[in-house]
Amino acid sequence: MDEAEYALDFFRNGGFSRRTCPACGHAFWTTGSHERCQEAPCTPYGFLGHPATSRPYRPAEMREAFLAFFEARGHTRIRRYPVVARWRNDVFFTQASIYDFQPWVTEGILPPPANPLTISQPCLRFLDLDEVGRSGRHFTEFEMMAHHAFNRPDHPVYFKERCVELAHEFLTGTLGLAAPGLTYKEEEWEGGGNLGPSLSVGVAGLEVATLVFMEYLRDGERLRPMPLTVVDTGYGLERLTWLSQGTHTAYEAVFGAPYEELRRTFPPREASILIDHARALNFLLVDGVVPSNSKEGYFSRLLIRRALRTLSTVPDAPELGAILDRVGREVARDFPEVGEHRDDLRAVLDAEIERYRETIVRSREQIRRAEARRTAEGGRPGVEDLVTWYDSLGVTPEVAVAELAAPIPIPEDFYAQVARRHEAEAGAPEAKETAAPGPEIPASVPPTEVRYYLDPYTLDFEAHVVHSTGNEVVLDRTYFYPTGGGQITDTGEIGGTRVVDVVRRGPWVVHALEGPSPFRVAERVRGRIDAGRRTQLMQHHTATHLLNGALRSVLGPHVWQAGAHKAVDAARIDITHFRALRPEEVRRVERLVNRLVREDRPVKSYFEKRNEAERRFGFTLYQGGAVPGKELRIVEIEGFDVEACGGTHCTHTSEVGLVTILGTERIQDGVVRLTYAAGERALDVLEERAHLLEAAARSLAVPPGQLLEGIDRLKAEVEGARQRERAGEKRGSADRAGSLLADPSSVTDAGGVRIVHARLDADRAGLMELSRQLTREPGRVALLAAESEGRGLLFVGSSAPRVPADGVLAVAREAFRGRGGGNPSAATAVGEPGEPLARALADARAEALRRAAGPA
RNA sequence: GGGCACGUAGAUCAGCGGAAGAUCGCUGCUUUCGCAAAGCAGAGGCCGGGGGUUCAAAUCCCCCCGUGUCCA
């Protein structure tokens, strides 16, 4: 990055000089006399015991000081976003404040909620999980305070000069840090294909802020300027708080009383882990991250289990739920939503703790058995067993070793070995299927005016063509709904030509026609939307919101929408929930939804300023994911459910008609899918089911009301028939065995062994059963031959140790080129039928006789 | 989303290419005033589902389904 990028007037006119840190090699700016940058490890902590600010700040005070400072300088204060980044598919969690605005705002697709803005965003990072409680400054959940500005060429806000000026004023003016103590270190920043210069601010060994200026797009080796440049800043709330208090560790400064309380029971490291995890879990659970074994849910589980293991290090430890509540109440002072629904949060936690207990019990059993097996084999469990147990049972090596009768040492690099085993699987992530971008539309084409938002009932309209290429048409305005928000596209026709797909592309709604577009720009055309399809989609969409509200009401507010799909035949919604739905719960949800339908509540769709909407409804608005933009489209079912949603909706719940839940399934741990139908389609489905029932009843010749009894009877009959058949076969072979034994021509006694040989008509199973009958008593040998499917079968059974079946077979099978084998009590071979088979049977008899008569 | 482990009698599991087993529970008998217990006898299995390999598959291979777990 060019040196000139950092040569700010603010530095040059403010008495700053540029030096190079001999320790890290980075250039930095300062008004002080430091040789080195003021960040660890180049400079050790200098504030411990000597707070660097003019007064100590508690976290809430620090946050307020920051937000108020920037508010007073033209920034709009923005509410926090959820810690789980549902609006992005490349990451699970909000790891920095800028994540809130990626990718739509930073790519210029949608306007920011305010500009410039200031925010204090709770973030989650799991990379340094092991450092928590060890380093004294790492947190799983931390707050990134920030001020952001988004500069469009036609609307510049501010960039480097003003940004650094503001940062410097806040740090020295408001917080009272000594200006000469600050260093602004030059660091290139790159991420997500963007890059630009950045300055990291160091004070007394602590990096307290980073100021990033997103300016370029990486295009192979070349850099291109971004159409939209972004000021992306991050100030560590915890670090600044720590700096202002100068306590031994950051945890003492940040957590205060609850931390002190834990310290009475736990050593510093354990207390830190517990309080850190408890705070992170409060945010995770409140934002709807139900513990599970995949995706973001796994991190909830990870923290809960780590916390439980930490608790188990001391006797009489408090309950995790109690710690979570204590910390949650503290967090709720600043984030009231964390204080709500404590009971629900507790229910989720308790379910997870119970699962963990079960897992432990199961694992212990498995480990004990595995050790017994290893011992029986003459060995003992090894490191590879420990790795397998950790991987597949979730048992840490410490726990596993404690379970072993003969403990083995745990290698130092245990987790490295685990990682190594996982390395092989790190294949390239499958390329996400992104809709083909289609031909580019010139920027001169005016944006489409979308009319379906406010008027979902107009299905016949006139508009002007503003763009037309290939089979694509863009109109100046449209009522066609493009695929999005889980609702599939409208179909219909434009000027008599079928519309098969509609998509949103940037500011335009693009209609894809069945064939090449016959339209010219400026032509006036008539659009007609398929009414039946649209009505059904609207009913399904409104039904989805009704269900979402009902599910939250019946199951608890931990329920968040994890995905949805509204098609014509049926719709489905995926929700976060910690176990499969019970029939009773499904029934209650269905009843509640249909009651709301009957109540005919108004469904209002309107646009509202984002901040106002968030203030009124909270961030459960974002069921379908966070939506950027200054204005949100709100869909409100009066007194029941409010969501930010772009779909087409009925205006009254009664229009939904009827909602019937067709089924539920647990599509993965922590996520339940409900499939349902509404309106006309619901009636279709119910009708189909009624028909099915009737047909089934007719087929069984019982009245529908007795269908179950009929099925039970049928099952009993089938089972009885099977039993009788089996018994019959058994009896048949017993009879056959009896007659064979009674037939002198097939029985030979030799050396106390009774040899029965026979050629009969049976399949392999039949021979086996007969042999079993013949060799029930000791000292018997059965030699049975049969032809089945053109092959010759020879079966040897033996209860005489002197005449091993496999030995006899080995000799006999040559005669009919048989292939097969067995064990001393039973052996079978398949070979040629006819004469060779007969010879094989004779050979078997001769061999059996020889062995029976031979030396005992 | 990927890796790994696991799905066998009502329950907990063993068996891991050659005739489906153990323990508990269940039924009956013996013993007891009765209970508990013990002994004897017995019932109970599409070895998760579907393909394949093999003379032969619970067992090996592939694909599903389900459960658990580790990692992103």
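We name chains A, B, ... by the order of the sequence lines, and we start the count at 1 in each one. Computed over heavy atoms, backbone and side chain alike; hydrogens, waters and symmetry mates excluded.
Going from atom CG of Leu308(A) over to atom CG of Leu349(A) covers 7.5 Å, rounded to the nearest 0.5 Å.
A sub-4.0 Å separation between OP1 or OP2 of U69(B) and a side-chain N or O of Arg301(A) is present. Checking the phosphate oxygens (OP1, OP2) of G66(B), no side-chain nitrogen or oxygen of Arg666(A) falls inside 4.0 Å. For G68(B), the OP1/OP2 oxygens have no side-chain nitrogen or oxygen of Ser363(A) closer than 4.0 Å. Listed pair Arg362(A) / C13(B) fails the phosphate criterion, with no side-chain N or O lying under 4.0 Å from OP1 or OP2.
The partner of G34(B) is absent, by the rule that a Watson-Crick or G-U pair needs both atom distances under 3.5 Å. Remark: A5(B) base-pairs with U67(B); criterion is Watson-Crick or G-U wobble with both hydrogen-bond distances under 3.5 Å. Remark: A19(B) base-pairs with no nucleotide in the shown strands. Criterion, Watson-Crick or G-U wobble with two distances under 3.5 Å. With a cut-off of 3.5 Å on both Watson-Crick or G-U wobble distances, the partner of C26(B) is given as G42(B). Of all nucleotides present, none satisfies the Watson-Crick or G-U wobble test against A58(B) with each distance under 3.5 Å.
In this structure, the CD atom of Gln366(A) is 8 Å from the P atom of C6(B), given to the nearest Å. Rounded to an integer number of Å, the gap from CZ of Arg579(A) to P of U67(B) is 15 Å. Note: CD (Glu365(A)) to P (C24(B)) measures 16 Å, nearest angstrom. At whole-Å resolution of the value, CZ in Arg764(A) and P in G17(B) are 18 Å apart. Rounded to whole Å, atom P of C6(B) lies 20 Å from atom CD of Glu358(A). Remark: C1' of A14(B) and CD of Glu371(A) are 17 Å apart, rounded to the nearest angstrom. Between Phe126(A) atom CZ and C70(B) atom P there is a gap of 14 Å when expressed in whole angstrom units. Between the CG atom of Asp669(A) and the C1' atom of U69(B) there is a distance of 10 Å, given to the nearest Å.
In the displayed structure, Arg579(A) atom CZ is contacted under 6.0 Å by more than 12 heavy atoms of other residues, nucleotides or ligands. The environment of Glu412(A) atom CD is sparse: at most 12 non-hydrogen atoms of other residues, nucleotides or ligands sit within 6.0 angstrom. Arg357(A) CZ: 12 or fewer foreign heavy atoms inside a 6.0 Å radius. The neighbour count for Glu814(A) CD, taken as heavy atoms of other residues, nucleotides or ligands under 6.0 Å away, does not exceed 12.
Gln668(A) and Ser294(A) share a side-chain donor-acceptor pair at under 3.5 Å. In summary, the side chains of Ser788(A) and Asp763(A) do not present any donor paired with an acceptor at a separation below 3.5 Å, with no hydrogens or angles considered. Side-chain contact of Thr748(A) with Arg845(A): a donor-acceptor pair under 3.5 Å is present, judged by distance alone.
For the C1' atoms, the distance linking A57(B) with C61(B) amounts to 11 Å, nearest Å. Rounded to whole Å, the C1' atom of C35(B) lies 36 Å from the corresponding atom of U8(B).
When each of G1(B), U69(B), G3(B) is scored by its nearest atom to the side-chain atoms of Asp391(A), the top-ranked nucleotide is G3(B). For Arg305(A), the side-chain atoms get nearest to C70(B) when compared with the rest of A19(B), C70(B), U67(B). The side chain of Arg369(A) approaches C13(B) more closely than any other nucleotide in the set A56(B), U67(B), C13(B). The listed nucleotides are C13(B), G1(B), G3(B); the one nearest the side chain of Lys295(A) is G1(B). Here G68(B) is the nucleotide among G68(B), C55(B), A72(B) with the atom lying nearest to any side-chain atom of Asn293(A).
Of the residues in residues 814-825 of chain A, those with a non-hydrogen atom less than 4.0 angstrom from any atom of RNA chain B are Arg819(A), Gly820(A), Gly821(A), Gly822(A), Asn823(A), Ser825(A). Near RNA chain B, meaning a heavy atom under 4.0 Å away, the residues from residues 765-786 of chain A are Met768(A), Ser771(A), Arg772(A), Thr775(A).
In this structure, Thr388(A) and Ile667(A) both approach RNA chain B, and ranking their closest nucleotides by distance from the 5' end singles out Thr388(A).
By the 4.0 Å N-to-carboxylate-O rule, Arg305(A) lies close enough to Glu352(A) to be salt-bridged with it.
Taking the six-membered ring where the residue is Trp, the centroids of Tyr81(A) and Phe101(A) are separated by under 6.0 Å. Taking the six-membered ring for Trp, Tyr390(A) and Tyr415(A) have ring centres closer than 6.0 Å.
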